[in-house]
Structure formats: structure tokens, C-alpha cells
Student: 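Below you'll find the structure I mean.
Below, chain A is the first sequence line, B the second, and so on; all start at residue 1.
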There are 2 protein chains.
Amino acid sequence: MPFTRVEVAVLSLLEGQLCVLLIKRKEAPHKGLWGLPGGVLRIDLDATLEGAAQRVAQERLGAKLPYLKQLIAVGSKTRDPRSPWALSVVYRALIPITSIEPLPGKRIEAIRWAPAHEFDVDQKLAFDHQALARSALAATKIEIDELKLPVGFLPDTFTLTELQTLCEQLAGRALDKSSFRRKLKDRMMVEPVEGKFVGGANRPALLHRLKPNLD
Amino acid sequence: MPFTRVEVAVLSLLEGQLCVLLIKRKEAPHKGLWGLPGGVLRIDLDATLEGAAQRVAQERLGAKLPYLKQLIAVGSKTRDPRSPWALSVVYRALIPITSIEPLPGKRIEAIRWAPAHEFDVDQKLAFDHQALARSALAATKIEIDELKLPVGFLPDTFTLTELQTLCEQLAGRALDKSSFRRKLKDRMMVEPVEGKFVGGANRPALLHRLKPNLD
DNA sequence: TCAAAAGTGTTTGGGTTACACCCATGG
DNA sequence: CCATGGGTGTAACCCAAACACTTTTGA
């Protein structure tokens, strides 16, 4: 049976840039290289594959990651020098702009948010994690281009202007306010949250949340 | 390490209906039940995951399957009674209408093409293959609705009328001939094949083939 | 001459975008 | 009053579907 792991590509939006969380490896193989966080599937601990991904994220990053999505499973004889046959199931997580950066922990020397454009050129990442990160970014960019709402990049509640600004950063261009809001209303993608609002020196904005079961 | 298998959902179009190839199991567990063809990942034989899927298809069905696409990996403690933790990577294959049905072989008592609508209602399939087949059908229907060309359902060369008829069967409605052909030309999805044609009591049709690298 | 292949042109309608403009609200 | 939130109306535009029609080709 293959040596089976779970890897997690954690994406977030920092200063308007789509970034991938990389960790610096404390141990061989590839000690000192950057790579995606991951861990071995534990059949004694994990009830399901997704559960394994959640456990690994919790252990390595100290954070519970919502919106985990399985991207792909990769496996071959040569992926990992520790084993004659290594299988990895790759998950993607999106976390909010406001979330605190996880702290280095078990077997992690340091963490770093690598902007998407870094992956345009080759860099030395551990194992095949360069390719895995690239495909995670590519899959996410497709979703962005399809104008799916950036579930996971958002806090639980937000104002419509915050949502529009986030979408503008992701899309890389300005969006028309009334068209944007009309689309939200027509497709019933968000709903207002009971009674709350935030203030400034102007009319306060209503807080909204994403409606569940979007596509 | 988990008990790791590869399962293949083979889809084809029979008499205008989208069908899934099921096999009747010759051995326990679930002897006599229908299920998807599959096999154990062999780290001594398989160079990659996709290679494993090709080998399994070859062994179980006696046919080489082009256009294999990985759909998902599933794993849990309870999927397979033979093992405390079972992981399966599910592939989908599309095969042409003209292709000959594979013959029963190793550990297969019989085969059967199950129309898509059978999966609307619950039926007793081996393991979690009902859910796997459903998700393979759902993923394929999405591709059909997005009007991707039915790569894999087609023979190597075909006439445009054959292609349109196939798309009409898949879409479940009639398509306008000139609009259909205009789309093919605008998007450069097919190209004529050198010089050949088939005849009838009318003007012969040009043979075409799909252009490579369609998304 | 017929039947089907292949192609041309135009109209129509849906959907999105862009833009101008309205009122509401709290400091 | 001002800045921002929230909303309405509309014209322009794009694209795809629908329809009508012509030309080509081999039996």
C-alpha cells in the first residue's frame, strides 16, 4: 500500500494579492526548503479523508480551516524519497483577510505567504509542491473568473462595499456598484443580517452574510 | 497505510441514453451485487495513479480506455469491509458509441450498461458505488450542459451531422444546424480530415476530427 | 433531379455593462 | 451639508438562438 499523505494549499488575500501559505521544513527530506503544509494519513485517527485534512491543518497550523475543497490526488513512485510509492490528496482552504496568521509549530521552522506571481517562475519547493501550489492557484483563479463569490475569503458578516472591494481585488478591475448589487440581488447570493450595522461619518452599512448552498 | 484502490466509471451513449458500465461481482464481499469495475493499486506495477487506472481497465475490461479523468478520491473507515480504512481514487472514462462492449473476465460474472435514470432511485450496488456512479454522472452532465464537446464518445473521425446528432442526444433537444456549425467554426473546435468522405445517395459529408487541446 | 451536405445572411431576444441619477442616514 | 450606503431606470452592447435561404455534390 502506498505512503499516503494529505497536503493543504491555504490561500488568502494579503494586501490585494492572492497568496499561498508555505512552511519551511525543519526535517529531512528537503530540510530548509519551503513547501505546503501536510501530514500522513492516520487510519487510527482519521474517520475520512476530509477529516484527515482538517486534523493536519489543526496540528500544523493551529487553526481550523473551513471551506476545505479536495482538488486532486497525485501518486507515483518518485514523488517522495521516503517511500517507494507516495500518494497525496491535495486540499485547498480559503481563509479570510482578517484571520490571524498561524504560528510555526510542529516540524515547521517558519511560515510565509507567497504571492501568486511567485509561482510563475520556477522556485525550489519541497517534493512536487510547486506543481501542486500552481494547480491550486489555477483552480482558484478559474473560480474567480467565473465570478463565484469568494466564500472563505470573507468574515462571517461583511458590508456590501467590503464584498465589492474584495471582488475588485480578486478580479483586478473596478466593478460598477449598481450592477454588482443588482447581480447579488437577482441571484440571491447574500442576505442581510438582523439589525446590525457599522458606523462612520456617514450612513451606516448593513451587514450581510452569504446565503448557504451557492452552487 | 490505507487499502488503496482505483475505480473506473465507464460511460457511453447507448441508444441515445447515457449509461454507466456495471459489473456483477464474482467474489465476496458483495458477491452477486453490481458495482463499478476497479482494482487494487499495485505499487510494484503502477508508475502513477492514472497508470493504475489504465491497468485496471485493461485487466478487468480488456480494453484500453482513452480520456481517463480523475474525479475524486474518497476514503473512510467504513467503505470496504475488507479493510479498516479504504481509499479509492475514482476515474471516469468516456468511450465511443461504436465501441464493442468489453467481455466479462477476471472476477466478473457479467456486465451491464445501466442508464443514467436508474441512478435517480436507490439501488443496491456494491460498497459506495451508487454514490460514486451518481457523482460521475453528475460531473458528466455538467460538462454536457456547458456544451463541451463529447470527447471520448466519438470515434476518431466523424461527420458534422453525426456530431450534431450526438450532441442533440446528450442535450436532449434539437439544435439548429447553422448555429451549431457556426459555433464549431468560430471556436475552431474541429478540423476536416484530409480528403476522405463517406457516401450515400446524396452529397458526401466531409470527415472531421476534434482539434487537440480543447480546454 | 433529388436528397443531404455545407454555408450565408438577417432578425430577434436575453443578459450584462455602463452611466446617470435618485433618496436615506448619521456625523 | 457632506460622504457614503442603498437603490432605480435606461440605453448600449454583445452574443447566441432562430429562421430563411443558397449553393454544392454524388448517386
Side-chain angles (χ1 to χ4, degrees), chain A residues 97 142-150 154-211 214-215, chain B residues 97 142-150 154-211 214-215:
Chain A
I97 29 183
I142 287 174
E143 291 180 19
I144 289 170
D145 290 342
E146 287 173 350
L147 287 177
K148 297 193 178 171
L149 281 190
L154 286 167
D156 290 338
T157 63
F158 46 84
T159 68
L160 296 184
T161 303
E162 284 173 352
L163 174 58
Q164 182 175 344
T165 302
L166 174 62
C167 287
E168 286 175 337
Q169 289 177 324
L170 289 170
R173 62 195 176 90
L175 302 174
D176 181 76
K177 182 177 65 143
S178 55
S179 300
F180 183 76
R181 297 192 177 200
R182 202 162 359 225
K183 178 153 56 188
L184 292 178
K185 195 203 282 181
D186 290 349
R187 302 188 187 170
M188 299 186 299
M189 300 165 100
V190 298
E191 59 189 3
V193 156
E194 189 60 45
K196 299 173 191 175
F197 58 95
V198 292
N202 46 35
R203 174 175 175 176
L206 296 177
L207 288 177
H208 290 72
R209 68 173 169 218
L210 293 175
K211 283 209 179 184
L214 288 172
D215 55 340
Chain B
I97 31 183
I142 286 174
E143 291 180 20
I144 290 168
D145 291 343
E146 288 173 351
L147 287 177
K148 297 193 179 174
L149 282 190
L154 286 166
D156 290 338
T157 63
F158 47 85
T159 69
L160 296 184
T161 303
E162 285 173 351
L163 175 57
Q164 181 175 345
T165 303
L166 174 61
C167 287
E168 286 175 335
Q169 289 177 324
L170 289 170
R173 63 196 174 87
L175 302 174
D176 181 74
K177 183 177 63 141
S178 55
S179 300
F180 183 76
R181 297 193 176 198
R182 195 155 12 218
K183 177 153 57 189
L184 292 178
K185 195 203 284 179
D186 291 349
R187 303 188 186 169
M188 299 186 299
M189 301 166 99
V190 298
E191 59 190 2
V193 156
E194 190 58 46
K196 300 175 189 173
F197 58 95
V198 292
N202 46 36
R203 174 174 175 177
L206 295 178
L207 288 178
H208 289 72
R209 68 173 168 216
L210 293 176
K211 282 211 180 182
L214 287 173
D215 51 343

Student: Measure NZ/B/Lys185 against C1'/C/dG7 and give the value in whole Å, please.
Tutor: 6 Å
Student: Write down the distance between CZ (A/Arg181) and C1' (D/dG5), rounded to a whole number of angstrom.
Tutor: 6 Å
Student: Nucleotide by nucleotide, 5' to 3', does protein get under 4.0 Å of the base (B), only the sugar-phosphate (S), or neither (-) in nucleotides 18-27 of chain C, counting heavy atoms?
Tutor: BBB---BBBS
Student: Could you pull out all residues at least two apart from B/Ser178 that satisfy side chain to side chain donor-acceptor pair (under 3.5 Å)?
Tutor: B/Asp176
Student: Tell me, please, which residues at least two apart from A/Thr161 pass side chain to side chain donor-acceptor pair (under 3.5 Å).
Tutor: A/Arg181
Student: My understanding is that only one of A/Val193, A/Val190, A/Leu166 makes a side chain to side chain contact (heavy atoms under 4.5 Å, CB included) with A/Phe158; could you say which?
Tutor: A/Val190
Student: Just the rounded figure in Å: distance from C1' of D/dG6 to CZ of A/Phe180.
Tutor: 14 Å
Student: For B/Gln164, check side chain to side chain donor-acceptor pair (under 3.5 Å) against everything at least two apart and list the hits.
Tutor: B/Glu168
Student: Between A/Arg209 and A/Glu191, is a side chain to side chain contact (heavy atoms under 4.5 Å, CB included) present by the stated rule, with each step listed?
Tutor: CA-CA 6 Å; A/Arg209 68 173 169 218; A/Glu191 59 189 3; 2.8 Å; yes
Student: Could you tell me how far apart B/Leu184 (CG) and C/dA6 (P) are, to the nearest whole angstrom?
Tutor: 11 Å
Student: Minimum heavy-atom separation for B/Cys167 to B/Leu175, with atom names?
Tutor: CB-CD1, 3.9 Å
Student: By side-chain contact (heavy atoms from CB on, under 4.5 Å), which residues pair with B/Arg203, not counting sequence neighbours?
Tutor: none
Student: Write out a two-atom table: protein N or O, nucleotide N or O from nucleotides 12-16 of chain D, distance below 3.5 Å.
Tutor:
residue : atom : partner  : partner atom : Å
D/dA16  : OP1  : B/Arg187 : NH2          : 3.0

Student: Is atom CG of B/Asp186 surrounded by more than 12 heavy atoms (other residues, nucleotides or ligands) closer than 6.0 Å?
Tutor: yes
Student: Look at all strands and tell whether A/Thr161 reaches a base, only sugar-phosphate, or nothing, counting heavy atoms closer than 4.0 Å.
Tutor: sugar-phosphate
Student: Taking CZ from B/Phe158 and P from C/dA5, how many angstroms apart are they, rounded to a whole number?
Tutor: 15 Å
